[in-house]
Amino acid sequence: MASLKRSDSMADNMPEALRQSRYHMKKCFTKYVEKGRRVMKLQHLLDEMDTVIGDTAERATLFQGLLGDIWLSTQEAVVNPPYVAFAIRPSPGFWELVKVNSQDLSVEPITSTDYLKYKELIYDHNWSKDEEALELDFGAFEPDTPHLTLSSSIGNGTNFVSKFITSKLSGEPEKAQPLVDYLLSLNHHGDNLMINETLSTTSKLQMALLVAQVYLSGIPPQTPYEKFDLSFKEWGFEKGWGDTAERARDTMRSLSEVLQAPDPTNMERFFSRLPTVFNVVIFSPHGYFGQADVLGLPDTGGQVVYILDQVKALEQELLLRISQQGLNFKPQIIVVTRLIPDARGTKCNQELESIEGTKHSSILRATIAHALEKTKYEDSDIKWKELDPKYHFSCQFMADMMAMNAADFIIASTYQEIAGSKDRAGQYESHSAFTMPGLARVVSGINIFDPKFNIASPGADQSIYFPYTEKQRRFTQFTPAIEELLFNPNDTRDHIGFLADTKKPMIFTMARLDTVKNITGLTEWYGRDKRLRSLVNLVIVGGFFDPSESKDREEASEIKKMHALIETYDLRGQMRWICAQTDRKRNGELYRCIADSKGAFVQPALYEAFGLTVIEAMNSGLPTFATNQGGPAEIIVDGVSGFHIDPNGGGGGEDATRKMADFFEKCELEPAHWRRISDAGLARIEGCYTWRIYADKTLNMGSVYTFWRVLNKRQKLAKQRYIQLLYNLHFRNLVMTDD
Ligand code: UDP
Ligand code: LCN
C-alpha cells in the first residue's frame with residue numbers, strides 16, 4: 001500500500017486513501033452519518049469502524065497505509081449528513097480541515113469558519129446560521145509578522161526573533177538606525193541610559209564606540225565606572241554599559257560587532273547586557289496563594305511554589321544584572337493574586353505581604369480570575385453554556401485570548417504546553433480556532449508558530465532540594481520526625497498503614513489527591529504486582545484520611561478509593577499513607593531519606609503540565625519514574641536520567657510496574673545501576689532545570705522582545721486597537737452579566 005507522502009497534504013492524500021478501501025469506507029461512512037448530526041472523537045470513529053469491518057485483523061491491514069495515517073491523526077470529526085468534516089492534526093500545530101461526502105466519498109478542503117459552523121449546527125442551530133454572529137480573527141492583524149514554519153522550532157521564539165532582527169538591521173548603516181533610536185529611548189525615570197542625543201546616528205555611534213574602546217583598553221580592567229563616567233558623558237554615553245572598564249568595553253565590543261555586521265550571537269549577547277527590565281508584575285490567580293500552610297489546599301500546589309521560587313530567582317538575577325550594568329536602582333517585583341476573605345487560617349485575606357527571602361518583592365491581593373483551563377474539560381468551548389454557571393468559561397477564554405494576543409512574549413515550562421504531542425493538542429494550541437456558540441466564533445485565536453512563544457522551565461529551590469549525598473548540608477533536625485512519619489507502626493492523625501520490613505527500598509509519591517494525579521492508580525498497580533511488592537514498600541503523601549474533612553468532591557472520592565484499595569489488596573504492612581505535608585524543608589529531607597533507602601520517586605499522573613515534584617526528586621538524587629503524559633516526558637530522558645511510565649498503558653499499569661520491578665531487580669544484582677540513574681538525573685537538572693537558567697533566559701527575553709515590539713510597531717498597535725474594541729464592546733458586558 002502507498003504510504004503518505006509528507007510533501008502532500010492530508011486533503012491531497014485522502015481521496016486516494018478512501019479509493020483504496022472504497023468498499024469498507026462506503027460502509028463506514030454510512031455508519032458515521034446514520035445517527036445524524038454529532039461530534040465524534042477518534043476513539044469513537046475507530047469503534048464504529050470496527051463494528052462495520054468486523055474483523056480487526058482486516059482493519060489492521062487497512063490501517064497500515066494512508067488511511068491509518070489519516071485516521072490516527074484525526075482529533076475530531078463533525079457529522080452533518082451527508083458530510084463528515086475531519087479536523088486532522090498531522091503534527092503539532094498543523095491542522096487540516098476537510099469534508100468527506102459519505103455518498104460518493106469525495107473530499108474537499110474547508111476553512112476553519114466552515115468547520116466551526118458545522119459544530120455549531122449541533123449545539124446552537126440558529127446561531128450558526130446567523131450572518132451577524134461575532135467572529136474573531138486575531139490572525140488578520142499579522143500579515144507581515146514572520147512566523148516559524150517547523151513544529152520542532154515552536155517555543156524557540158527568542159532565537160528566531162534574534163535572527164530576524166539581525167537580518168532587518170543588516171546592510172547599509174541606515175538599516176541599523178532603529179537600534180540607535182531604541183538605545184536613545186532607554187531611560188530610568190526620565191534619566192537617559194546608554195546613549196544620549198549626541199549619538200543620534202549609526203555612524204556617530206560607531207565612531208564614539210571606537211574612541212571609548214581605545215580609552216577603556218588603556219586603563220586597568222577593574223577601574224569602576226565612576227572613574228570614567230565624565231569622559232563617557234563627553235562622548236555621548238550614559239550609564240548602563242558596565243560597572244567596570246572591562247565590562248563596559250565588552251558590552252561596547254558586542255555593539256560594535258552588531259553595527260558592523262549583525263549576527264544573532266552578538267545580538268543576543270548585547271541585548272542580555274541592556275538595562276531594560278527593572279520591574280516585574282506577575283499575575284497568579286491560582287488557588288490559595290500564600291507563603292505558609294497552603295500546599296495541599298484545593299487547587300494549591302506547584303503553581304504557588306513555582307511563583308515564589310521564580311520571584312527569588314528573578315530578584316537575584318535582576319540585582320546581579322543591575323549591579324553589573326553599573327547602576328544602583330532598586331528592582332521591584334509584585335505578585336498579584338486573589339484575595340480570599342475566608343482564608344482558612346492562611347494569610348490569603350491579607351492585601352499586602354512581603355516575600356520571605358527577598359528585599360524588593362511582595363504579594364498584592366485583590367479578587368480576580370483564573371488559570372489556563374481550556375483543555376482540562378473536554379469540549380469546554382462548544383459546551384460553554386452548560387459549564388458557565390460553574391466555571392465562567394465565557395469570560396475566561398475571552399480573557400485568555402486577549403491576554404495571549406496582547407503579550408509581547410509568552411513563556412511556557414515545556415514544549416508540550418504550547419504544542420502538545422503527536423496525539424494531544426497543546427494547551428495554547430487549543431486556542432487556535434474554536435467556537436462558543438451564541439458568544440463568539442474564534443476562527444483564529446492564537447498562532448503557536450508566532451515567535452512570541454518560548455520555553456523556560458522552572459527549577460527547584462536548591463537550598464531545600466539538594467542531593468542526599470551532601471551529608472554536611474542535610475537537615476538532620478528532621479530525622480526523628482521523618483523516622484516517625486515513615487516507620488512508627490501505629491496509625492495516627494498523620495499516617496496510616498505500616499512497613500513491616502523497614503529495610504526494603506521505598507517507592508515514594510507526593511501530590512494533591514486529585515483524580516488527575518492518579519495516586520490511587522499507583523496504589524492499585526502496586527497492589528496487583530506481587531513482584532514489585534516483594535521488592536519495595538510504597539509510601540504516599542497526599543490528602544487526608546477522612547473524606548468528610550474534605551471540601552473538595554474529587555478529593556473526597558479519591559480518599560474513599562484509597563481506603564478501598566488498601567482493603568482490597570491487603571496493603572497493610574507494605575504501604576504507608578501520610579497526609580498532605582506543608583513543611584517544604586522537611587519534605588526536602590524526606591526525598592533524601594527515600595534516596596537513603598535506595599528507593600525511587602514515582603509520578604503516575606494521567607496528565608501533568610510540568611511536574612515540580614519530579615524536579616524536586618531528581619535534585620535529591622532520587623531515581624524517578626514519571627508519567628509520559630505531559631511535562632515529565634520532556635524532563636526525563638527515558639532510561640538515562642530516569643524512566644517514563646504510561647499511566648494509561650498496558651494491563652492497567654502492568655507496563656509501569658514491570659519497569660519499576662525490573663529496575664529494582666537490576667539494582668539488587670548491580671547496585672551501581674541505581675547510582676548511575678541518580679547521577680544522570682542530577683546532571684539533567686544542572687543542564688536544563690535550574691532557576692538560574694530560567695531567570696537568565698527570561699530576562700534576556702524581556703530585553704529582546706522590548707526591541708522586537710518597536711520593530712513590529714505597526715501590527716502591534718493594530719492588534720491592540722482590536723483588543724481594546726473587544727474589551728469595551730464585548731468583554732466588559734460579559735463580566736458584568738457573569739456573577
Ligand atoms: N506538595 C507539598 N505537599 C503535599 C503535596 C505537594 O508540599 O502534600 C508540593 C510539592 O513538593 C510540589 C508542589 O506541592 O512543590 C506540587 O507541584 P506539582 O507541580 O508537582 O503539581 P501541582 O500540584 O502543581 O499540580
Ligand atoms: C501546575 C501544575 O499542574 C504542575 O504540573 C506544574 O508543575 C506547576 O503548576 C508549576 O508550573
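When a ligand or atom number is given, it counts from 1 through the structure's own listing order.
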Q: Hey, can you pull the donor-acceptor pairs under 3.5 Å for the side chains in residues 453-460, sequence neighbours left out?
A:
from   : atom 1 : to     : atom 2 : distance (Å)
Asn454 : OD1    : Gly157 : N      : 3.2
Asn454 : OD1    : Thr158 : N      : 2.8
Asn454 : OD1    : Thr158 : OG1    : 2.7
Asn454 : ND2    : Lys452 : O      : 3.3
Asn454 : ND2    : Tyr705 : OH     : 2.8
Ser457 : OG     : Ser413 : O      : 2.7

Q: Under a 4.0 angstrom heavy-atom cut-off, which atoms of ligand 1 come close to Thr613?
A: 10 (C), 12 (C), 20 (O)

Q: Atoms of ligand 1 less than 4.0 Å from Val541 heavy atoms?
A: 8 (O)

Q: Do you know which two heavy atoms are closest between Tyr288 and Val304, and how far apart they sit?
A: O-CG2, 3.7 Å

Q: Aromatic contact between Trp674 and Tyr468, with the criterion being ring centroids under 6.0 Å apart: yes or no?
A: yes

Q: Look at Asp379 together with Lys41 and state whether they make a salt bridge at an N to O cut-off of under 4.0 Å.
A: yes

Q: I'd like to know whether Tyr306 forms a ring pair (Phe, Tyr, Trp, His ring centres under 6.0 Å) with Trp691, so could you lay out the CA-CA distance, the side-chain angles of the two residues, the decisive distance to 0.1 Å, and finally the verdict.
A: CA-CA 10 Å; Tyr306 169 74; Trp691 280 113; 5.7 Å; yes

Q: Looking at Phe466, I'd like to know if the NZ or CZ of Arg474 sits under 6.0 Å from its six-membered ring centre while staying within 45 degrees of the ring's axis.
A: no

Q: For atom 13 (C) of ligand 1, what's the nearest protein heavy atom and its distance?
A: Gly302 N, 3.5 Å

Q: List ligand 1 atoms under 4.0 Å from Glu608, heavy atoms only on the residue side.
A: 21 (O), 25 (O)

Q: How does Asp514 reach ligand 1, if at all, at less than 4.0 Å between non-hydrogen atoms: by side chain, backbone, both, or neither?
A: neither

Q: With the threshold set at 4.0 Å, does a side-chain nitrogen-carboxylate oxygen contact exist between Glu470 and Arg592?
A: no

Q: Atom 6 (C) of ligand 1: which protein heavy atom is closest, and how many Å away?
A: Met510 CG, 3.9 Å

Q: Can you find a non-hydrogen atom of Lys517 under 4.0 Å from ligand 1?
A: yes

Q: For Tyr465, is at least one N or O under 3.5 Å away from an N or O on ligand 1?
A: no

Q: Ala580 to ligand 1: N or O pair under 3.5 Å?
A: no

Q: Drop me the distance from Tyr689's OH to Ile636's CD1, to the nearest 0.5 angstrom.
A: 9.5 Å

Q: Per the side chain to side chain contact (heavy atoms under 4.5 Å, CB included) rule, which among Ile363, Thr337, Ile282 passes with Ile307?
A: Ile282

Q: Salt-bridged, Asp529 to Arg533, with N to O below 4.0 Å?
A: no

Q: Considering only non-hydrogen protein atoms, determine which one is nearest to atom 15 (O) of ligand 1 and report residue, atom name and distance to 0.1 Å.
A: Glu616 OE2, 2.5 Å

Q: Report, in ascending order of atom number, the atoms of ligand 1 lying under 4.0 Å from any heavy atom of Gln303.
A: 24 (O)

Q: Could you give me the CA-CA distance, side-chain angles and deciding distance for Glu315 and Gln310, then say whether side chain to side chain donor-acceptor pair (under 3.5 Å) is met?
A: CA-CA 8 Å; Glu315 186 182 294; Gln310 181 193 49; over 6 Å; no

Q: Tell me, do Glu608 and Lys517 make a side-chain contact under 4.5 Å, heavy atoms counted?
A: yes

Q: Using distance alone, decide if ligand 1 has a nitrogen or oxygen within less than 3.5 Å of any nitrogen or oxygen in Gln581.
A: yes

Q: Mind checking whether Ile446 and Glu429 have side chains closer than 4.5 Å, heavy atoms only?
A: no

Q: Between Leu612 and ligand 1, does any nitrogen or oxygen pair lie at a separation below 3.5 Å?
A: yes

Q: How far is atom 9 (C) of ligand 1 from its nearest protein heavy atom, and which residue and atom name does that atom have?
A: Leu295 CD1, 4.1 Å

Q: Answer with yes or no whether Thr582 contacts ligand 1, where contact means a heavy atom under 4.0 Å from a ligand atom.
A: no

Q: Look only at interatomic distance and state if Gln603 has a nitrogen or oxygen under 3.5 Å from any nitrogen or oxygen of ligand 1.
A: no

Q: For ligand 2, what is the set of protein residues having any non-hydrogen atom at a distance below 4.0 Å?
A: Gly302, Gln303, Tyr306, Glu608, Ala609, Phe610, Gly611, Leu612

Q: Is Arg576 close enough and on-axis enough to Phe508, meaning under 6.0 Å and within 45°, for cation-pi?
A: no

Q: Counting only heavy atoms closer than 4.0 Å, does ligand 1 sit against the backbone of Val305, its side chain, both, or neither?
A: side chain

Q: Could a heavy atom of Arg512 be found less than 4.0 Å from some atom of ligand 1?
A: yes

Q: For ligand 1, is any non-hydrogen atom under 4.0 Å from Arg584's backbone (N, CA, C, O), its side chain (CB onward), both, or neither?
A: neither

Q: Taking the side chain as every heavy atom from C-beta outward, state whether Pro632 and His644 have any pair of such atoms under 4.5 Å apart.
A: no

